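Given the structure is predicted, the values throughout are model-derived calculations rather than measurements.
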Amino acid sequence: MSEPFYITTAIAYPNGRPHIGHAYEAIATDAIARFQRLMGRDVRMVTGTDEHGLKMAQTARAAGRETLEFADEMSSYFRQMCAGLDISNDVFMRTSDAKHHEASIALWKAMEAKGDLYLDRYEGWYSVRDEAFYGEEELTEGEGGVKLSPQGTPVEWTVEESWFFRLSKYQDALLKLYSENPDFIRPESRKNEVLRFVEGGLKDLSVSRTSFDWGVPVPGSPGHVMYVWVDALTTYLSGLGFPDQNSDYARFWPANVHIIGKDIVRFHAVYWPAFLMSADLPLPQQVFGHGFLLNRGEKMSKSLGNVVDPMELAERFGVDALRYFLMREVSFGQDGTYSAEAIVSRVNADLANSFGNLAQRTLSFISKNLEGRLPQSDVKAAEDEELLALVDDACRNDVTREFAAFAFSQGLDSWMRAVFACNQYIDAQAPWALRKTDPARMEAVLETLLRAMRSLAIAVQPVIPTSASKLLDQLGIEAHGRDYAALNDQDYYARLASSGVTIAPPTPIFPRLELTAED
RNA sequence: GGCGGAGUAGCUCAGCUGGUUAGAGCGGCGGAAUCAUAAUCCGUAGGUCGGGGGUUCAAGUCCCUCCUCCGCUACCA
């Protein structure tokens, strides 16, 4: 059995509908998952929704809805987003699921058994919106003397009985973890922030609430529900079937990587490993904090009115176009910007004009001049080998190396260079001229192009799965010959030719996009 | 205030441990071609590499300082 690979997205809080940031994270995580599958790994990808907490309960009440019923609806939007964007998650885990409660309770009991949980009183300024306590010194004065949290949300003096987790006990263990596993937190800049935070000393963490009941009940402590992060992070375990030892948990935990936004690095890089250490569970190998997407360089916000529905973008430009743009244009780990112009410009240049047109002109030519028969010829030339060497090097080495390192934009850059080389080759060889002067040579040129396009299509599958598979269909490549191992299969063409496969008149796979007046 | 990022051609960005005339894509301009989704290919564009100072035979690439933007964090009030 092949080696397991377990990857997760953050578990979204469905207080509102999914936005482009959720879509970006899901797409990036999916591309990694698909890449690993093509590399032959046995992959599990988990995503889901984190539905507990006061905010959800309040929002539901304000809408006159039953909390769970409201959560059902909100969660469904995220599930639909995944389906709509061709996200290949194996599991969609909801924190309101009974099995998730079971997992959270198991984790809680393990931490309790370790002596890391204790009951105490918590007094302080509490922000309902943030679900967090703040110190007096962190507050600011708002309109009319109202006290505000650092996030600008109202706070009120609250006295609450609360369970605490002995986070302070894990400071040294965490620092040891970071130093022994330099790649535990990535990218580097995020790691530095976490290091400084932990080095600065850790306070015990309040891990239960009594002010509401929409959450996982703390075992043996009526009135208490678990603090959002204990519950939410546990999704990474419950998504595999934990605590059932006969589930996928046994095979896939610990995670290879948790893909998250840069804003929640601390929870994943500090609290989460501390919880796991306390529960004597293995730690994930890596936490990767990606950047944010900016709308025309501006942070998106409801007040600015520039929040974009990712599904609208997908419907307008196409799912693969959106996926390609995000993976190509944004350097993973850094912030990126998007706009309709940028999407149209990038997708037209790379996918429609260069790659799509290459396929269209080649397949169309074969369809018309060879009646779709696969070209075959002995009249090879050095240029043929040179092109294939360049394409194979890009697909087998550059793309796989960069994708493996989550450097999709760099990998796609190499991939595009190979596409450019194909267009240069076809122009230089000019099969349309050879048709009259040297038909045998023409066939050799077309064969070279078919081989090159197969490699390019296989390589780019993680990013644009549907389009790549359409092209592989047009090329007559069988479903079982499309993984990365197939890139090393040099005999495929002879087998394909002798199988009698024909090339049908092609239809364009990557339509050119257009801007509207509003853009 | 501290720490960390970023500031390179009109736009988006590459430039690792310092070393030939600072690169790519897009856009713009000129040309070629016409198989193809009016797509492609070739050539070209002369940016004081945020400002200033320094080290060096040689600096986007190291050091100092200043400016702007961003993130994390602290504190004053």
Side-chain angles (χ1 to χ4, degrees), chain A residues 135-141 150 185-202 261-267 269-270 289-292 294 296-299 318 321 325-326 328-339 341-370 375 398 402 407 409-436 442 445-446 449 453 467 471 503 505-514:
Chain A
E136 180 82 40
E137 70 284 354
E138 293 181 90
L139 304 178
T140 55
E141 195 101 342
I185 304 167
R186 282 190 51 207
E188 201 69 18
S189 53
R190 299 295 146 213
K191 176 180 174 177
N192 294 332
E193 291 173 7
V194 171
L195 273 177
R196 238 167 298 116
F197 175 77
V198 176
E199 285 164 354
L202 296 172
K262 65 181 185 181
D263 54 331
I264 52 174
V265 168
R266 182 187 302 172
F267 303 101
V270 181
H290 67 250
F292 289 158
L294 308 177
R296 294 174 186 277
E298 288 187 324
K299 216 167 182 170
F325 171 81
L326 292 174
R328 174 65 188 84
E329 197 86 357
V330 182
S331 185
F332 201 54
Q334 293 186 275
D335 288 352
T337 65
Y338 70 96
S339 65
E341 299 100 298
I343 295 173
V344 168
S345 161
R346 170 63 72 180
V347 169
N348 281 351
D350 289 7
L351 295 183
N353 296 352
S354 295
F355 186 54
N357 189 50
L358 168 70
Q360 188 65 13
R361 68 201 300 203
T362 304
L363 296 175
S364 173
F365 194 89
I366 291 171
S367 162
K368 283 178 190 167
N369 296 293
L370 297 179
D398 297 348
E402 300 297 346
S409 61
Q410 286 89 324
L412 290 171
D413 186 65
S414 293
W415 181 78
M416 271 310 298
R417 288 179 197 288
V419 173
F420 289 147
C422 289
N423 274 320
Q424 288 161 7
Y425 170 85
I426 193 172
D427 275 15
Q429 300 302 315
W432 45 90
L434 293 171
R435 182 181 48 165
K436 294 167 187 164
M442 174 194 77
V445 168
L446 296 173
L449 288 165
M453 281 161 43
S467 319
L471 179 54
I503 304 289
T507 44
I509 295 172
F510 302 99
R512 285 177 59 78
L513 304 179
E514 285 175 15

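For A:F332, the ring pair (Phe, Tyr, Trp, His ring centres under 6.0 Å) test picks out A:F288, with sequence neighbours left out. The side-chain hydrogen bond (donor to acceptor under 3.5 Å, both in side chains) check on A:T507 picks up nothing, with sequence neighbours excluded. For A:N369, the side chain to side chain contact (heavy atoms under 4.5 Å, CB included) partners are A:F365, A:R435, not counting sequence neighbours. Listed by chain and residue number, nothing satisfies the ring pair (Phe, Tyr, Trp, His ring centres under 6.0 Å) test with A:F325 (two or more places apart in sequence, or in another chain). Residues passing the side-chain hydrogen bond (donor to acceptor under 3.5 Å, both in side chains) test with A:R328 are A:D413, sequence neighbours excluded. Checked against ring pair (Phe, Tyr, Trp, His ring centres under 6.0 Å), A:F420 has no partners two or more places apart in sequence or in another chain.
OP1 or OP2 of B:rA14 lies within a sub-4.0 Å distance of a side-chain N or O belonging to A:Q334.
Nucleotide B:rG1: paired with B:rU73 (Watson-Crick or G-U wobble, both distances less than 3.5 Å). In this entry B:rC26 has B:rG10 as its Watson-Crick or G-U wobble partner, both defining distances falling under 3.5 Å.
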Between the protein and nucleotides 41-45 of chain B, list the N/O to N/O atom pairs that are separated by less than 3.5 angstrom.
from, atom 1, to, atom 2, distance (Å)
B:rC41, O4', A:D427, OD2, 2.4
B:rC42, OP1, A:Q424, NE2, 3.2

What's touching nucleotides 2-4 of chain B from the protein side, N or O pairs under 3.5 Å?
from, atom 1, to, atom 2, distance (Å)
B:rC3, O2', A:R196, NE, 2.9
B:rC3, O2', A:R196, NH2, 3.1
B:rC3, O2, A:R196, NH1, 3.4

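Base orientation of B:rG31: anti, the glycosidic angle falling outside 90° of 0.
Contact annotation for A:I509: base contact, defined as any heavy-atom pair under 4.0 Å involving a base atom. Contacts of A:K368 with the nucleic acid, taken as non-hydrogen atoms under 4.0 Å apart, involve only primed sugar atoms and P, OP1 or OP2.
Applying the salt bridge (Lys or Arg N to Asp or Glu O under 4.0 Å) test to residues at least two apart or on different chains, the pairs with a partner in residues 424-433 of chain A are A:R361-A:D427.
A:A352 and A:R512 get closest at one heavy-atom pair: CB-CG, 3.8 Å.
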